[in-house]
Amino acid sequence: MIKYKELRLENVSQDEKVLIQHAINSASKAYAPYSNFRVGAAVRLQNGTIIEGNNQENAAYPSGLCAERVALFFANASFPDIPVKEIAVTVLDKFGNVSEDVITPCGSCRQVIAETEIRFSNDIKIILASKDKVLMFNSIKDLLPFHFVLKK
Ligand code: THU
């Protein structure tokens, strides 16, 4: 049973609205000339810092990276001691408006979110926002059960 909450955008908290707005702003700066699928992510750290990321594509397709990982890797590279509290993700439609549908993170991004939870021993709230609907997960464990763990 997948645990999540579905809310109307107007019913999310002010802090979450701010984070979603950062994700939207970031999506508008995505480099996605091949897919024209512009994704934005915004990460809030435990100290309140907000970091944005968007998808960065490449003519050699696998060389690109998703918005979630751009944001999380930058956050973890810049603030290696500060836990990640939450991440908001959104996508624009071809007219540049926030999509009617939520985007759910790909498997690789889920694995990176899982690693970040483990790294800081801190659950990460995942906020998937469309034009007027928001899905919220309290932890990546609800989106990626049985994720890979390296046994030492
Ligand atoms: N993409 C993301 O940025 N995040 C996801 O969770 C799924 C897909 C990007 C990768 C690629 O640039 C484009 O969306 C189409 O797959």
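Read the numbers this way: they start at 1 and go in the same order the structure lists the ligands and their atoms. Only heavy atoms go into these numbers, but all of them, side chains included; no hydrogens, no water, no symmetry mates.
- For atom 11 (C) of ligand 1, the nearest non-hydrogen atom of the protein is E57 OE2, 3.2 Å.
- With distances taken over non-hydrogen atoms, the option nearest atom 15 (C) of ligand 1 out of S35, G53, A27 is S35.
- Between K125 and E16 there is a salt bridge, since at least one side-chain N of the basic residue sits less than 4.0 Å from a carboxylate O of the acidic one.
- For atom 9 (C) of ligand 1, the nearest non-hydrogen atom of the protein is N55 ND2, 3.5 Å.
- One finds no salt bridge joining K17 and E10 here, because no Lys/Arg side-chain nitrogen approaches an Asp/Glu carboxylate oxygen to under 4.0 Å.
- One finds a salt bridge joining K141 and D123 here, because a Lys/Arg side-chain nitrogen approaches an Asp/Glu carboxylate oxygen to under 4.0 Å.
- Salt-bridge annotation for E52 and K29: present, with a side-chain N of the basic residue lying under 4.0 Å from a carboxylate O of the acidic one.
- Residue C106 places a heavy atom less than 4.0 Å from ligand 1.
- Looking at N54, V89, I103, V91, it is I103 that brings a heavy atom closest to atom 7 (C) of ligand 1.
- Counting protein heavy atoms only, atom 1 (N) of ligand 1 is closest to C66 SG, 3.6 Å.
- Checking only distances, A67 does come within under 3.5 Å of ligand 1, N or O to N or O.
- Under the 4.0 angstrom criterion for non-hydrogen atoms, G64 is not in contact with ligand 1.
- Residue contacts with ligand 1, taken as heavy atom pairs separated by less than 4.0 Å, do not involve Q56 at all.
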